[in-house]
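Remember, it's a predicted structure, so these values are computed and weren't measured experimentally. Hydrogens, waters and symmetry mates are skipped; everything else that's a heavy atom, side chains included, is used. Protein chains get the first letters and strands the later ones, always in sequence-line order, with residue 1 at the start of each.
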Amino acid sequence: MGALLFTPGGNMAEAYSPQDIERKWRDRWAEDRLYNVSPTSDRPKYYYLTMLPYTSGDLHIGHWYAMAPADAKARFLRMQGYNVLFPMGFDAFGLPAENAAIKRGIHPMKWTLDNVARMREQLKTMGAMFDWDREMVSCLPDYYRWTQWFFLQFYKHGLAYRDRSPVDFCPVCNTTLAREQVWGEDRHCERCGTPVVKRDLEQWLFRMTNYAEELLDFSKIEWPERVRAMQTNWIGRSEGVQFDLVIPDSNLKIPVFTTRPDTVFGMTFAVLAPEHELVDLLTINDRAAEVDQYRVQAARQSEVERLSTERERDGVFIGTYAVNPMNGERVPIFVADYVLTGYGTGAIMGVPAHDTRDFDFAQRYGLPIPVVIAPPDWDGKPLTEAYVEPGTMVNSGQFDGLSSTDAWDRIAEYMEGHGIGKRTINYRVHDWLISRQRYWGAPIPIVYCEKCGTVPVPEDQLPVLLPEDAEFLPTGESPLRYHEGFRYTTCPTCGGPAERETDTMDTFMCSSWYHMRYTSPGYDQGPIDPVEGKYWLPVDLYTGGIEHATMHLLYTRFFTKACRDMGILDFDEPMLRLYNQGIILGEDNEKMSKSRGNVVNPDDFVSSTGADSMRAYLMFIGPWDEGGPWNTRGIEGIYRFLSRVWALVVDPTPETLEPVADMARAERDLQRVMHKTIRKVTDDFEAFRFNTMLAALMEYNNYLVKAKQTALTRSPVWQEALEALVLMLAPSCPHIGEELWERMGKPYSVHQQEWPVWNEELAKDDVVTVAVQVNGRVRDRIDVDPESSEDEVQALALATPGAQRHIEGKQVVKVIYAPGRLVNIVVR
RNA sequence: GCCGAAGUGGCGGAACGGCAGACGCGGCGGUCUCAAAAACCGUUGGGGGUCAUUCCCCAUGUGGGUUCGAGUCCCACCUUCGGCACCA
């Protein structure tokens, strides 16, 4: 029971006490399986997914900020008549578990499952409508069995392959990383911040580049411009021409890619990346020592922290020349590390006059810098910096005089027509490197047999179980490599001795399909129960942070498209709509961190102000996509608001009520306020404007609190108005919503009620206040019937004292009427 | 450097091209109390004039522009925050 207070009227009133109601209702909802959903419903389905948490062990305020408003939105959709799937699970594989195992001697499985248990309990205090029957935990065999199954499908369809190449390796995490996980100018590890090094390793990759073009197409999804831009930028499509530079007196050629075929006549040198395979073949003996030294230095350079922003563009002449196929000129060939192995052909034509980098390089080595695209007001003098804008073609043979933009196409056509080169599209995106040299991940289901080669583990032998008794020595190789029982096996094809692949999969593999598993987590005939999958997929709305824009969100799109082509799915995109919430900051407006001491612990507020206040406050801070600073006073304000709603519904009406002069009018006014509020709240919910939605409920509550002092409370409209308030509050604050609904004598549960609908007629104003402006400044106001004619309103406006004061002695030039809003009188 | 977002009271933030500052926090004044807290009521952008209701001026990062009217649209700039990193 809550605290009892004496009201002025002498009645006993019960105060709002979240501690007394929140647990009660959560238990009841769980007992009644109120939020369990199934595909057998005649309501339209709606799959709302909020990004799953990593099993860090503590549900922090960021999780609340992501999930509580999401839950409110899901509940709103449910009340609007949808059959809403709103699941929750855990991203449970990954490094922290393994690091904890190494540091504290706890097994990653135990560490992870303990954390899951704790987080699940914390999540439950939120009072969200998660369907816990559909929970998935990615580190459990009945989940990763299917992660492995997907790997096999990719392998069978030629979308997974093994390749030896220089890859990014984090020396602290002791594993290779995908390109997406390497950040910043110093190329550091996304997780621990250590600069990565290059290692030459055999790794498994997925052919994401096959889908580069399709991944640029966002026409089937409603995703934020920001994410689309980031993915587009990441995929990095560029159109150009690829052609060969011929090496005289040999049958060797250097393929180069350029996006500026219009500048091809300005080439004065060629550059190979240090790792380019032709370097050895083309370097003359005299230059070999210097070239080797440069290559060694370049390789080491990536291992050293590269701090300088203005790196010198250096290189070494290899002693050989190449021929420009357009004009037959011989140009020297260099190796230089400003040309990258991983992009284009790893070799370029050097056009110093029209490329900043080539310009620097040519200056350093005294190479000629001929102008082939004249700037508009060019005086014929040498350039002092590269000119990269369009201009007029010069020194370019038959193409002289054309604009460089036209010449781009003409030269490309010429090259294609003469078999010199071909138009090519290059992408910056790489294939997805999924091998990790760590223990705590799904083992890659591959066996290497001396006789049969690379053999996929047959599907009926999945899962390839992680052995429990592995040593977690951080060696840079997978701990599985040192587990003999795991490593040595027999070949599934010939039965002879064989070795297992000991690397595990990138955890982004697990999160690429978890949304599918939620539809049927217990299903054991495949990753997805066909009936459930057909009904629920794809995800209608996905919300979460933007930090995965070029990782998870790109991988899962690729994964879906690949599954479609493999016949597993019949749609193109995993999530039709995406919305990114912002970041919640500390009270000092800084990112929350233990070292700053500004961390807010949600559990503390759940036990003091209650989960409902926590939820509503996080929604009230400001626009959800912008995030913002936490403010403890702010949540207290929300608590006061909920207490006032409580008192409004629960406290008895005053014994003496203020009389209402015109009851019909007062009822009509109340109805109007109610219907306008329903309209506003509904619109705001739909547009994720939770802050103004709650502001509207507060205003509505304030109105009702005043009205409660009057005889209006005897009207049937009053009851209707209170019910609407509770119904509209229920998605945001489900516990108090349920409690008040019950206390109003309404049938359980408020969360199974229909969302109130507004009536446009009843929401209509019968009087509007129109501002009277003179030359754009407000000088008076008039109340008019919204149906009044323009002439009437203008006449009234002109007659107001405020307008008269400013019109006097001047000439009225023009009068503008914005219906129902304002009149502007223009005078001179 | 390239791409993107944002600059509004003491604070978080509201504002279909139409009354800037909704709602909340904080502040101030009051009611209640022996007192305090809580709660409740009132008030609260800055400046000026007035005994005073009233009235006037200035205010949405800066400077221009479009418009009867601009926080909102256009141009330039400044600042902050994100993303990318020699991408040929």
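Closest to the side chain of Asn824(A), from the set C84(B), C19(B), C68(B), is C68(B). Closest to the side chain of Arg821(A), from the set C19(B), G12(B), A88(B), is C19(B). The side chain of Arg640(A) lies closest to C40(B) when the candidates are G69(B), C40(B), A88(B). Comparing A85(B), A14(B), C68(B) by their nearest atom to the side chain of Pro623(A) picks out A14(B). Taking only side-chain atoms of Trp183(A), from C-beta outward, the nucleotide of C19(B), G12(B), C84(B) with the closest atom is C84(B). Out of G4(B), A85(B), A22(B), the shortest distance to the side chain of Arg226(A) is found at G4(B). Distances were taken from every side-chain heavy atom of Asn691(A) (C-beta onward) to each of A85(B), G42(B), A14(B); the shortest belongs to A14(B). With A88(B), C16(B), C84(B) as the choices, the nucleotide that has an atom nearest any side-chain atom of Thr259(A) turns out to be A88(B).
A donor-acceptor pair shorter than 3.5 Å can be found between the side chains of Trp758(A) and Glu760(A). With no hydrogens or angles considered, a side-chain donor-acceptor pair links Tyr555(A) and Glu180(A) at under 3.5 Å.
Of the P atoms belonging to C3(B) and U62(B), the separation is 26 Å, rounded to the nearest Å. Rounded to whole Å, the separation between the P atoms of U44(B) and U53(B) comes to 12 Å. U72(B) and U66(B) have their C1' atoms separated by 14 Å, given to the nearest Å. Across G63(B) and U8(B), the matching P atoms stand 16 Å from one another, rounded to whole Å. For the C1' atoms, the distance linking G12(B) with U50(B) amounts to 37 Å, nearest Å. Between G30(B) and C23(B), the distance separating the two P atoms is 24 Å to the nearest Å. For the C1' atoms, the distance from G9(B) to G17(B) is 24 Å, rounded to whole Å. G48(B) and A35(B): their P atoms are spaced 37 Å apart (whole Å).
By the 6.0 Å and 45° rule, Arg191(A) does not stack over the aromatic ring of Trp183(A). At least one test fails for Arg689(A) against the ring of Trp624(A): distance under 6.0 Å to the centre or angle within 45° of the axis.
In this structure, Ser238(A) reaches the A88(B) phosphate: one of its side-chain N or O atoms is under 4.0 Å from OP1 or OP2. The side chain of Arg633(A) contributes no N or O atom lying less than 4.0 Å from OP1 or OP2 of G27(B). Between A88(B) and His354(A), no contact under 4.0 Å exists linking OP1 or OP2 to a side-chain N or O. Arg777(A) has a side-chain polar atom (N or O) that falls below the 4.0 Å cut-off from OP1 or OP2 of C58(B). For the OP1/OP2 pair of C40(B) and a distance below 4.0 Å, the side-chain nitrogens and oxygens of Arg644(A) include at least one atom meeting the criterion. Checking the phosphate oxygens (OP1, OP2) of C56(B), a side-chain nitrogen or oxygen of Arg779(A) falls inside 4.0 Å. Within the 4.0 Å cut-off from OP1 or OP2 of G26(B), not a single side-chain nitrogen or oxygen of Asn631(A) is found.
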Just the dot-bracket of RNA chain B, please: which string comes out with Watson-Crick or G-U pairs under 3.5 Å, [ ] for crossing, | for another strand?
(((((((..(((.....[....)))((((((.......))))))((((......))))..(((((..]....))))))))))))....
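For the pair Gly634(A) and Lys706(A), both in contact range of RNA chain B, the more 5′-proximal nearest nucleotide belongs to Gly634(A). Positionally, the nearest nucleotide of RNA chain B for Gln773(A) lies more toward the 5' end than for the other of Val339(A) and Gln773(A).
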If you apply the rule ring-ring contact (aromatic ring centres under 6.0 Å, His included), what do you find for Trp646(A) with Tyr639(A), and how did you get there?
CA-CA 10 Å; Trp646(A) 177 275; Tyr639(A) 180 80; over 10 Å; no
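Annotation: Tyr427(A) is not in aromatic contact with Trp234(A) [ring centroid separation under 6.0 Å not met]. Phe641(A) and Phe620(A) have their aromatic ring centers separated by at least 6.0 angstrom.
Atom CD1 of Ile635(A) is separated from atom CZ of Arg615(A) by 12.0 Å, given to the nearest 0.5 angstrom.
Each of Val793(A), Val826(A), Val823(A) was compared with Val815(A) under the side-chain contact (heavy atoms from CB on, under 4.5 Å) criterion, and only Val823(A) meets it.
For the pair Ile816(A) CD1 and C19(B) P, the computed distance is 14 Å after rounding to whole Å.
Residue Arg805(A) is classed as a sugar-phosphate contact, given heavy-atom separations below 4.0 Å to backbone atoms only. When heavy atoms are screened at a 4.0 angstrom cut-off, Ile621(A) is found touching the sugar-phosphate backbone but no base atom. Residue Gly637(A) is classed as a sugar-phosphate contact, given heavy-atom separations below 4.0 Å to backbone atoms only.
Side-chain contact between Leu245(A) and Pro325(A) is present, with heavy atoms from C-beta onward closer than 4.5 Å.
Evaluation of the side-chain contact (heavy atoms from CB on, under 4.5 Å) rule for Asp244(A) yields Lys253(A), Pro255(A) as partners, not counting sequence neighbours.
The two residues Ile420(A) and Met326(A) make their nearest non-hydrogen contact at CD1-SD, 3.9 Å.
G9(B) shows a glycosidic angle within 90° of 0 and is accordingly assigned syn.
RNA chain B is contacted by Tyr343(A), Ile348(A) of residues 341-349 of chain A, taking any non-hydrogen atom closer than 4.0 Å.
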